[in-house]
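Values below: every heavy atom of this structure, side chains too, minus hydrogens, waters and symmetry copies. Only a predicted model underlies this, so the values are computations on that prediction, with no experimental measurement involved. Proteins get letters first, then strands, A, B, ... in listed order; numbering begins at 1 in each.
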Protein chains: 2
Amino acid sequence: MPTDKNIELTINDGHASAPPKAAKKILDVAYDLFYRRGIRAIGVDEIVKRAGVTKPSLYRSFPSKDELAASYLRQYDQEYWERFDEAVAAHPGDPRAQIKAFLTRIGKRTQMAEYRGCGMTNAAVEYPEHGHPARVVSEANKHELRRRLRAMAVAMGAQDADTLGDGLLLLIEGAYISGQLFGLGGPAQTVARNADLLIEASLKK
Amino acid sequence: MPTDKNIELTINDGHASAPPKAAKKILDVAYDLFYRRGIRAIGVDEIVKRAGVTKPSLYRSFPSKDELAASYLRQYDQEYWERFDEAVAAHPGDPRAQIKAFLTRIGKRTQMAEYRGCGMTNAAVEYPEHGHPARVVSEANKHELRRRLRAMAVAMGAQDADTLGDGLLLLIEGAYISGQLFGLGGPAQTVARNADLLIEASLKK
DNA sequence: AGGTATACGTACCGATCGGTAACATTGTCA
DNA sequence: TGACAATGTTACCGATCGGTACGTATACCT
């Protein structure tokens, strides 16, 4: 007897290699659960239950829970740089305005109810052991962030570009953490303004 | 860097109720394990094993694992403010120097091998749900930190004291996180310098 | 239609999770 | 010596953990 299935939501065009539908549902649910409540806090049983699939389906698409977590972070990484590039593209040739746009957006996100910080940062805290699949993705994301911020500090003409780039990174990470610690009205809402003050103080005179 | 176990720390005089020795051993071991590897990652079995005690002993001194975690954080909180007050006491009447001393110390700690960030911050990331015993202690610690930093920003004569205080908090939290993410040579080593730049840019002219 | 590869479900595994019951042993101080 | 509190011992609980063996349904391609 045909139970009422969920709404068909095939995004892929007809010609691409048809990926298992279950894998996408699983990853979508895992993304949401891992981000909101933490990776260690979520068991695979809850994921498959909420996704409307069964456990063997999960393990056919993902070798392990750790690798599923890494997949979640890889998708997070992709969306992260999309947001970053949007801020960059909005102000061509003006790195200071690019930073300001990116941080203003972060500041706004941190003021949303139930804000849970950066999935990358959180994963690194949850998995301190080097070499863990989730941590590897997280570390790569952060190193790339540092590289970009330092490059933008150079482009801004800072006296000490590496220090300014690192200072911006500290402010950003601080915003991610304090956003989920303080909620509305917390320190994270000042990240763009503080960054601008720091930039101003770091430019060549 | 946590436990300094040599120092005898009997607070009670001879008449007070003699505290169980097992409780101290358990808390010491839990402190070390929770801090280094995370609270969720450590089971009570490993704690009692490393402490050389048995599980019933743990549950005679602590109502639950969550409360043991909260006890760990309460001790962390105590030691945290001791370090803070040391930096303050070293520069009486000079809040800017106090901040600099505190952040220089943080910057140094972040460059130690196996640095694991702030136990408070990590606990808040591990337990996002409001009302969790561990999170309650963590949030109280962070609110107190914000209060002190803002008060010091006032004492420094900042144009916008709340913004500067919050900016310093962002830098500090960023140092805690990036310290454990990047290890040696990471952005956290610049926290004192960046804070000083931010302070300079925030003072009344 | 028929075969075949692929996706999926049922049922189960051993290990570990946090936590407890009941009782034996110890150390301390009056 | 007696009494009492603290600790140890052993065995156990139900729940959940991540992961899998194996049979069944479905889609596609001649």
Side-chain angles (χ1 to χ4, degrees), chain A residues 1-6 8-10 12-30 33-34 37-72 123 126-127 129 132-135, chain B residues 10 12-30 33-34 37-72 123 126-127 129 132-135:
Chain A
M1 131 179 197
T3 62
D4 66 321
K5 293 292 182 182
N6 353 13
E8 185 68 15
L9 98 103
T10 36
N12 57 334
D13 53 309
H15 288 304
S17 68
K21 294 185 304 178
K24 184 186 186 309
K25 287 196 291 184
I26 290 165
L27 187 54
D28 284 351
V29 169
L33 258 34
F34 283 162
R37 299 180 31 204
I39 299 171
R40 292 199 116 113
I42 298 296
V44 292
D45 291 276
E46 184 164 358
I47 292 173
V48 299
K49 188 177 175 185
R50 303 266 271 249
V53 301
T54 57
K55 219 166 357 170
S57 283
L58 191 157
Y59 284 96
R60 274 179 218 112
S61 301
F62 306 92
S64 65
K65 184 200 173 185
D66 288 346
E67 279 302 326
L68 174 59
S71 293
Y72 143 61
E126 284 199 274
Y127 294 98
E129 32 184 347
H132 188 286
R135 189 181 181 88
Chain B
T10 32
N12 58 329
D13 53 315
H15 287 304
S17 64
K21 294 186 306 178
K24 185 183 185 310
K25 285 196 292 184
I26 291 165
L27 187 54
D28 283 351
V29 169
L33 258 32
F34 283 163
R37 300 179 32 203
I39 299 171
R40 291 198 117 113
I42 298 297
V44 291
D45 292 276
E46 183 164 1
I47 293 173
V48 300
K49 188 177 174 186
R50 303 268 271 249
V53 301
T54 56
K55 216 162 6 165
S57 282
L58 191 158
Y59 284 97
R60 281 181 203 114
S61 300
F62 306 92
S64 65
K65 185 200 172 185
D66 287 346
E67 280 302 326
L68 174 59
S71 293
Y72 143 61
E126 284 199 275
Y127 294 98
E129 34 184 347
H132 188 286
R135 190 182 180 86

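Here the shortest heavy-atom pairing between B/Tyr59 and B/Ser64 reads CE2-CA, 3.9 Å. Across all their heavy atoms, B/Ala23 and B/Ser61 have their closest contact at CB-OG, 3.4 Å. A/Leu33 and A/Ile42 get closest at one heavy-atom pair: O-CG1, 3.8 Å. Minimum interatomic distance between B/Ile39 and B/Glu126 (heavy atoms only, all atoms of both residues): N-OE1, 2.8 Å. In this structure, A/Ser57 and A/Ala22 approach most closely via the heavy-atom pair CB-CB, 4.4 Å.
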Going 5' to 3' along nucleotides 16-22 of chain C, which nucleotides have protein heavy atoms under 4.0 Å from the base (write B), which only from the sugar-phosphate (write S), and which from neither (write -)? -SBBBB-
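Side-chain N/O atoms of B/Ser57 include none lying less than 4.0 angstrom from OP1 or OP2 on D/dT7.
The distance between atom NZ of A/Lys49 and atom C1' of C/dT10, rounded to the nearest whole Å, is 17 Å. Atom CG of A/Leu58 is separated from atom C1' of C/dC8 by 13 Å (rounded to the nearest Å). As rounded to whole Å, 13 Å separates atom C1' of C/dG9 from atom NZ of A/Lys25.
Residue pairs meeting the salt bridge (Lys or Arg N to Asp or Glu O under 4.0 Å) criterion with at least one partner in residues 56-70 of chain A, sequence neighbours excluded, are A/Glu67-A/Arg74.
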